[in-house]
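Please read these numbers as outputs of a predicted model, since none were measured by experiment. Chain letters run A, B, ... following the sequence lines, proteins first, then strands; residues in each count from 1.
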2 protein chains.
Amino acid sequence: MQSNRQKRTNDPEGMRRRVLDKAEESFQARGFHATSLGDVMAAAAVTGGALHHHFPTKKALALAVIEERVAEVVRRTWVEPLRSSASVRAGVRQVFATVADRLERQGFVRGCPLNNLAHELSLADSDFRVRLASIFKEWRSAIADKVRADQQAGGEAGTDPERFAASVVALYSGAMSMAKTAQDSSLLRLCAKELDESAGGVLN
Amino acid sequence: MQSNRQKRTNDPEGMRRRVLDKAEESFQARGFHATSLGDVMAAAAVTGGALHHHFPTKKALALAVIEERVAEVVRRTWVEPLRSSASVRAGVRQVFATVADRLERQGFVRGCPLNNLAHELSLADSDFRVRLASIFKEWRSAIADKVRADQQAGGEAGTDPERFAASVVALYSGAMSMAKTAQDSSLLRLCAKELDESAGGVLN
DNA sequence: TTATGAACAGGACAATCACCCTGTTTTGGA
DNA sequence: TCCAAAACAGGGTGATTGTCCTGTTCATAA
């Protein structure tokens, strides 16, 4: 303890980020209950004191992962791409394709981050459930808003925005669930194709 | 221990069934990792020795729940109703409606038994994953077979059986996932309606 | 410089967990 | 009737867990 006299550098944001990184990773790979704080401490190379300083309880850590990481993944994967797409249909198709490409490249399916935590934690704690539900809501709203924008531009006649949005989220969530269980990303492409052709025509 | 001298009645099947009942219930309500064997023992009113006699490990208990209970729920809810329905479309619509009715009557959403366990256990253990995947497969096959039967009868032209089956399972799984997180069964009805009207016509 | 609180270290703690072990009772066939 | 195996009882155990506690070090403002 006296030989390697390296000074300790206080880096609250960095340490918090490292903990969140490893917690998110382990929560997704092994689940919340199967992840011990010892696992997180070891992976992030932080002490118990530091972990407890930033996240008083395991629940607080999970809430931070949900609000700061899972929500961000949904925004980055769905909300933002949709905003800059030519149409809902095109945007949705593009997201499905992008995700399927990534899954094929990495060779395994870890599942949808939101659904993974939602299934394990929704019934366990109301605080978890409410926050997870609001992320689902934000996801659906992004799609529904895009439908309405298309309708303002003269397209998507006869499409119910909320119903379409819920169905897209459901289809994606379920397809990813199956892909995870079967470890087969082709199920995602299969469902994407169904969405395309059920449009009833040659929409962009 | 001497006053109430009631004889012990050996009832292996009954005891095994009671354990399975409570294990299934708790696995669904709280999850596998959040359920302790002590919980199951207390709920089923069995001793540690008895539990360990029928299920050597917690994993063995979970495998039994998956194969004897979860698989049965899928068969009872989906496979059998589909077999006796007039058409795929009618059968699928009927299942969605039946489940939604039940959810509204009971007032809360516990989620799809298969998806609940699949999300928590698929990545944890390959034995779990393979068996859960085969239940998904059986589910999809029941739908695809019914599509092919309809096609033999002259209907469902242009419908890809496997693709349609995967999409129905995905839509249902995802809708149930959202309904569970939001504790709102109307999302199930919303997605069911989308499935109806995307059929493109007035099919039976 | 100094002082105050945040940032971090590291061990202790009680509770819980899955599993195992030994012993007893019941069952069914020889 | 007898006996071997199945069925069950119930306590024990080592390992793990989340949390807490007491110190020590760093950063920042006065």
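- The shortest distance between side-chain heavy atoms of A/F136 and A/S173 falls below 4.5 Å.
- Taking every heavy atom of residues 44-69 of chain B and every atom of DNA chain D, pairs under 4.0 Å involve B/T47, B/G49, B/A50, B/H53, B/H54, by number.
- Here the C1' atom of nucleotide C/dA6 and the CZ atom of A/R16 are 15 Å apart, to the nearest Å.
- Base-pairing analysis of DNA chain C finds the following stems of at least three consecutive Watson-Crick or G-U pairs, with both pairing distances under 3.5 Å: C:1-30 with D:1-30.
- Classified by interplanar angle (parallel below 30°, tilted 30° to 60°, perpendicular above 60°), the ring pair A/H119/B/H119 is parallel.
- With contacts defined as side-chain heavy-atom distances shorter than 4.5 Å, the pair A/K180/B/L123 qualifies.
- No side-chain donor from either of A/T9 and A/D11 sits under 3.5 Å from a side-chain acceptor of the other.
- Taking a 4.0 Å limit (strictly below) on heavy-atom distances, residues 20-42 of chain B does not reach DNA chain D anywhere.
- A donor-acceptor pair is defined here as one N or O able to donate and one able to accept, closer than 3.5 Å; such a pair exists between the side chain of B/E120 and the backbone of B/H33.
- The 12-atom threshold is exceeded at CD of B/Q106, counting heavy atoms of other residues, nucleotides or ligands nearer than 6.0 Å.
- Classified by interplanar angle (parallel below 30°, tilted 30° to 60°, perpendicular above 60°), the ring pair B/W78/B/Y172 is perpendicular.
- The distance from atom CG of A/N10 to atom C1' of D/dT24 is 11 Å, rounded to the nearest whole Å.
- In terms of heavy atoms, B/R163 sits closest to B/D160 at N-OD1, 3.0 Å.
- Residue B/K22 holds its NZ atom at 12.5 Å from CG of B/D39, rounded to the nearest 0.5 Å.
- In this structure, B/D11 atom CG and D/dA9 atom C1' are separated by 16 Å, rounded to whole Å.
- The cationic atom of B/K58 (NZ for Lys, CZ for Arg) lies less than 6.0 Å from the six-membered ring centre of B/F32 and within 45° of the ring axis.
- Contact of B/R8 with C/dT26 (side chain to base): no donor-acceptor pair of N or O atoms is detected under 3.5 Å.
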